Amino acid sequence: MDKNIENRNERRKIDYFVHESSYIDENVMIGEGTKIWHFCHVQSGARIGKYCRLGQNVNIANNVVIGDNVKIQNNVSVYEGVELEDGVFCGPSCVFTNDLTPRAKFPKGRQNYRRTIVREGASIGANATIVCGHSIGKYAMIAAGAVVTKDVPDYALVVGTPGSVVGAVCECGNLLKDGNQCKVCKREINGLVRIVPGMGRTEYSTRGTNQ
C-alpha cells in the first residue's frame with residue numbers, strides 16, 4: 001500500500017475520518033468525529049473542530065479556523081482570513097473571498113486579507129457569495145444565490161443581489177412571520193427592533209434571544 005495512504009488510514013483510526021482521495025497537510029488540527037470526504041484539501045495551519053462534515057471537493061486554506069459541528073457541502077473553498085464558528089452550514093458551491101481588489105501580478109499577502117467571520121449557527125445557501133471583510137450574525141440565513149456586501153445582523157434573512165435583509169429566522173430555521181415567537185419550536189427572539197420597507201429594501205436589527 002502507498003505510504004501516504006497508510007499514513008492517512010492511520011490518522012483515520014485516531015478519532016476522525018479522512019477519505020483516501022483527500023490530502024491533509026502538516027500542522028493541521030482536526031477534532032474527533034469529523035468526517036472529510038472525497039477530493040478535499042486541508043492546508044497547513046488549519047484548525048477544524050469536532051463532529052464537522054466536509055463534502056466532496058472542499059478546500060480549507062492555511063490558518064482557517066472552523067468550530068464544532070460545522071457542515072460544509074460540496075465544492076466550497078474556505079480561504080485564509082475566514083472563520084466559521086460552531087454549527088455553521090455552508091451550502092454547495094457557496095463562495096468566500098479575502099481580497100476586495102485582487103490582481104494576479106500584485107498579490108497583497110496574507111497580512112492584507114480582509115477578515116470574514118460567520119457566527120454560530122448561521123447558514124449560507126447554495127451559490128451565495130460572501131464578499132470579504134464582513135460578519136454574518138448568529139443564526140442568520142443567507143438565501144441561495146445572494147451576494148452579501150455588508151454585515152448581517154443576528155437572525156436576519158438575507159436575499160438578493162446585493163443582499164438585503166427581508167425578515168427574521170429562528171434558531172431552528174423557521175421563518176418568523178408574525179411577532180418574535182417561533183411557531184415551530186416556541187423560542188422567543190427578543191430585540192426584533194423594526195422592519196421598515198423603503199427604497200425596495202428592508203431595514204432590520206436584532207438584540208439577544210431568550211429561550
Side-chain angles (χ1 to χ4, degrees), residues 4 7-8 10-12 14-125 127-140 142 147-152 154:
N4 289 332
N7 290 340
R8 286 197 291 272
E10 194 61 35
R11 285 198 296 270
R12 183 187 308 171
I14 300 173
D15 53 11
Y16 59 85
F17 170 85
V18 178
H19 189 269
E20 63 183 17
S21 65
S22 292
Y23 289 88
I24 310 298
D25 290 351
E26 299 299 325
N27 188 32
V28 166
M29 291 181 60
I30 301 174
E32 65 175 297
T34 286
K35 293 186 178 181
I36 299 173
W37 292 100
H38 305 65
F39 312 120
C40 295
H41 184 194
V42 181
Q43 295 178 244
S44 180
R47 302 290 182 266
I48 300 174
K50 300 177 181 179
Y51 304 107
C52 296
R53 298 291 181 269
L54 275 62
Q56 180 173 300
N57 194 35
V58 170
N59 180 68
I60 307 299
N62 300 102
N63 306 310
V64 164
V65 177
I66 294 174
D68 299 333
N69 298 297
V70 172
K71 187 170 185 179
I72 304 176
Q73 299 283 59
N74 296 355
N75 305 315
V76 177
S77 292
V78 184
Y79 294 114
E80 186 167 3
V82 176
E83 179 178 351
L84 308 179
E85 291 189 350
D86 296 348
V88 166
F89 175 88
C90 296
S93 301
C94 72
V95 177
F96 293 99
T97 62
N98 60 14
D99 186 346
L100 287 175
T101 56
R103 294 292 195 196
K105 291 176 65 177
F106 303 100
K108 298 181 179 67
R110 63 180 55 171
Q111 68 274 15
N112 293 308
Y113 290 155
R114 297 292 190 97
R115 185 169 182 261
T116 296
I117 184 163
V118 184
R119 299 291 184 187
E120 178 184 359
S123 296
I124 302 171
N127 292 300
T129 297
I130 312 302
V131 176
C132 59
H134 300 103
S135 63
I136 297 176
K138 292 173 58 177
Y139 297 101
I142 312 302
V147 178
V148 173
T149 60
K150 57 186 177 182
D151 291 347
V152 175
D154 297 349

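Note that the structure is a prediction, hence the values are computed from the model and not measured.
A donor-acceptor pair under 3.5 Å is absent between the side-chain atoms of Asn62 and the main chain of Gln43, judged by distance alone. Between the side chain of Thr129 and the main chain of Val147, no donor-acceptor pair closer than 3.5 Å is present.
In this structure, the side chains of Ile60 and Val28 stay at 4.5 Å or more apart for every pair of heavy atoms. Counting heavy atoms from C-beta outward, Tyr51 and Glu32 have side chains that approach closer than 4.5 Å. You'll find the side chain of Val82 stays beyond 4.5 Å of the side chain of Asn98, heavy atoms only.
One distance of note links CH2 of Trp37 with CD of Gln73; it measures 13.0 Å at 0.5 Å rounding. Taking CG from Asp99 and SG from Cys132, the interatomic distance works out to 6.5 Å, rounded to the nearest 0.5 Å. Going from atom CZ of Arg53 over to atom OG1 of Thr34 covers 7.0 Å, rounded to the nearest 0.5 Å. To the nearest 0.5 Å, the span separating CZ on Arg110 from OH on Tyr79 amounts to 15.5 Å. Expressed to the nearest 0.5 Å, how far OG1 of Thr97 lies from CZ of Arg114 amounts to 10.0 Å. Atom CD1 of Ile30 sits about 5.0 Å away from atom CD1 of Ile48, to the nearest 0.5 Å.
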For a quick test of your reading: what N or O donor-acceptor pairs under 3.5 Å do the side chains of residues 63-71 make, sequence neighbours left out?
from	atom 1	to	atom 2	distance (Å)
Asn63	ND2	Glu80	OE2	2.9
Asp68	OD1	Lys50	N	2.7

Would you be so kind as to tabulate the donor-acceptor pairs closer than 3.5 Å made by side chains of residues 116-124, with sequence neighbours excluded?
from	atom 1	to	atom 2	distance (Å)
Thr116	OG1	Gly133	N	3.2
Arg119	NH1	Glu85	OE2	2.8
Glu120	OE2	Tyr139	OH	3.4

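Taking Asp151 as the reference, His134, Ser135 meet the side chain to side chain contact (heavy atoms under 4.5 Å, CB included) condition, with sequence neighbours excluded. For Asn27, the side chain to side chain contact (heavy atoms under 4.5 Å, CB included) partners at least two apart in sequence or on another chain are Ser44, Arg47. Under the side chain to side chain donor-acceptor pair (under 3.5 Å) criterion, Asn75 pairs with Asn57, not counting sequence neighbours. Considering only residues two or more places apart in sequence or on other chains, His38 meets the side chain to side chain contact (heavy atoms under 4.5 Å, CB included) condition with His19, Ser21, Gln56.
The two atoms that bring Cys90 and Leu84 nearest to each other are SG-CD1, 4.0 Å, heavy atoms only. Between Ser22 and Cys40, the shortest heavy-atom contact is OG-N, 2.9 Å. Looking at every heavy atom in both residues, Ala46 comes nearest to Ala61 through CB-O, 3.9 Å.
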